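Structure first, then comments.
On a predicted model such as this, the values are computed, not experimentally measured, just so you know. Proteins get letters first, then strands, A, B, ... in listed order; numbering begins at 1 in each. Every heavy atom of this structure was used, including side-chain atoms; hydrogens, water molecules and symmetry mates were not.
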Amino acid sequence: MPNNSATMEKIVALCKRRGFIFQSSEIYGGIGGFWDYGPLGTELKRNVKDAWWLDMVRNPPTGPDGREFQMVGVDCSIIMNPKVWEASGHVGGFSDPMVDCRLSKSRYRADQISVLAEAGNDDGQMFAFASEDEESESRAMKLLAKYLKCSAPVPSERVQTKPLMDVPTDQFNRIVGPDTKEVGTLTEPREFNLMFETFVGALQDSTSKAYLRPETAQGIFANFKNVMDSSRVKIPFGIAQIGKAFRNEINPRNYTFRSREFEQMEIEFFCNPKESRMWYEFWRDARIAWYESLGIKSDNLKPREQGEDELAHYSDACTDIEYLFPFSEETQELEGVAHRGSFDLNAHGKAAKGKEEAFAVIDDATKERYVPHVIEPSAGADRFTLAAICEAYHYDENRASPEFMCFHPRLAPIKAAVFPLVAKDGMPEIAEPIYREIKKHYPCQFDAKQSIGKRYARMDEAGTPFCFTIDGQSKDDGTITVRNRDDASQQRIPKEGVGRFLADQLGQL
RNA sequence: GCGGGUGUAGCUCAGUGGUAGAGCGUCACGUUGCCAACGUGAAUGUCGUGAGUUCGAAUCUCAUCACCCGCUCCA
């Protein structure tokens, strides 16, 4: 399919029509950045998470040195002690007040803007400029000189300079913005922290303020010692978690891609610093291979190693695993595999225990003492679910059912359907026991209503890989047909062979 | 956050001031012989929401919400 917004609109319509994804609170006009999964979408996303948990935690890939390693899971609370977010850097670093200019459409950090004004004049105009920018300051000086009807620079004794943050907001209507010539274009400073705030307990004051977690990772770090002490794990090992996280995005967009409430599938893998590069490359490659194993074609999947200028301050290396969604010309991040060094354990060691090395471990063999390095493959469950939907969407106008969803069998919400060709001549009686047997093991549907073509078409839109049809021949020789979703081809198999057929075709679920 | 666009049935949309519509889908009954068949019938609408103008508003005005596009942002 062409990669464009028209394709995306078709996908969105199909998801609504067939019950994959609904807008949250739709009957009340919706709410931006929040989405619900319908019956098919819920099965799909559950399959995504189950596949991840099985392949990464219960049966992880073999390590780079050919040895197996341990993976264990945790399920942490969404609301944590606010000190967690101070230690992690989420509170301090990202609450900068910003001002917008209504005229120039520019946005400035309020603490990086100063104003020039005439000394002693409490009613005159003030001229804003970027504090560290001489050009901007001289521009403001010229405007002040013009305002005072004298030549620039204005004598220093007639000028007062002060930070924008020291100007009361009710006087902002006297300020000329850094890129304008008019007064009153700057908004009052506004906080842009992306964390959702709430209050714990009945009193809503500063001491009860808490945050909905903006990532699941910190719950893992906070429990690092608990897991070490209770689980007999030895480095190298990983702790995994699937759970909701919340970011109060300024501008949610692109369907479910940037939601304010979303689910993460995160691993924090702890290893010896000397081996951390090896493990980083191992997880990067393992995670790419995982997406490919679930049917994401490699030309839509683009790993992108971040440049040094792009890396967060805590990260030694990071690869974004990106996918080419129909809503964008550029690939978008599904997962980040980050080499975080010992940043997180050091930060929590220092904040919670008073010293950076509080979470150091001792290597049994070498007696070496070190704070483990962390490799973090952090995947978005909703993002991959959306990628799986986009990847599955096919349109072929030559088919009776032009739209069909080619989900990988492991991800398909419904694995099989059982249809009597027509609802008479004993066909339903043969079909029903087959259906009852299949549904013990696989999500399966039975349908005897309406024409066979319409039933196939419905299953095509749901992405069901196989349809078993009982026809007139079934009564005579005990065979039924299997219809393949992807090419609409059919073959006959003995009706007793249905379970074996599905086991062979679907493999490990 | 800024600018532009769109909002009418489950989906796609028509409806420019005077009775709320179509196609597809859904459901029921009949029929059925492998790809959204056919016949008959049925259900489904806060016309995104709230104000205003008007004798009368899906239609005009304002506000607001949601979505799409382009910027901005994205620890």
>> A cation-pi test, strictly: NZ or CZ of A/Arg253 under 6.0 Å from the centre of the six-membered ring of A/Phe257 and no more than 45 degrees from its axis. Yes or no?
In response: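 No cation-pi geometry.
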> Can a cation-pi geometry be assigned to A/Lys10 and A/Tyr395, taking NZ or CZ under 6.0 Å from the six-membered ring centre and within 45° of the ring axis?
Replying inline: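 A/Lys10 over A/Tyr395 ring: yes.
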The side chain of [X] lies closest to which of these nucleotides: [options]?
X: A/Ser401; options: B/C69, B/A36, B/A75; value: B/A36
X: A/Ala13; options: B/U12, B/C71, B/G33; value: B/U12
X: A/Arg18; options: B/A37, B/C69, B/A36; value: B/A36
X: A/Gln23; options: B/C11, B/C34, B/C67; value: B/C67
X: A/Lys454; options: B/C68, B/C34, B/A37; value: B/A37

Side-chain-base donor-acceptor pair under 3.5 Å for [X] and [N]:
X: A/Tyr456; N: B/C34; value: yes
X: A/Ser451; N: B/C35; value: no
X: A/Arg483; N: B/C35; value: yes
X: A/Glu403; N: B/A36; value: no
X: A/Gln490; N: B/C34; value: yes
X: A/Arg458; N: B/G25; value: no

> Rounded to the Å, how far apart are A/Glu26 CD and B/A66 C1'?
Replying inline: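 Those two atoms, CD and C1', are 10 Å apart.
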Could you let me know what [N] is paired to, Watson-Crick or G-U wobble, both distances under 3.5 Å, or none if it's on its own?
N: B/C73; value: none
N: B/C60; value: B/G52
N: B/A42; value: B/U26

> Closer to the 5' end of RNA chain B via nearest nucleotide, is it A/Lys424 or A/Asp460?
Replying inline: A/Lys424
> Are any of A/Asn251's side-chain N or O atoms less than 4.0 Å away from OP1 or OP2 of B/C2?
Replying inline: no
>> The test is ring-ring contact (aromatic ring centres under 6.0 Å, His included); show your working for A/Phe325 and A/Tyr323 and say whether it passes.
In response: CA-CA 6 Å; A/Phe325 287 95; A/Tyr323 179 76; 4.9 Å; yes
> If we ignore angles and hydrogens, is there a donor and acceptor under 3.5 Å between the side chains of A/Arg458 and A/Gln450?
Replying inline: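 A/Gln450 and A/Arg458 do have a side-chain donor-acceptor pair below 3.5 Å.
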>> For A/Phe246 and A/Phe196, take the angle between the two ring planes, folded into 0 to 90°, and tell me which bin it lands in: parallel under 30, tilted 30 to 60, perpendicular over 60.
In response: perpendicular
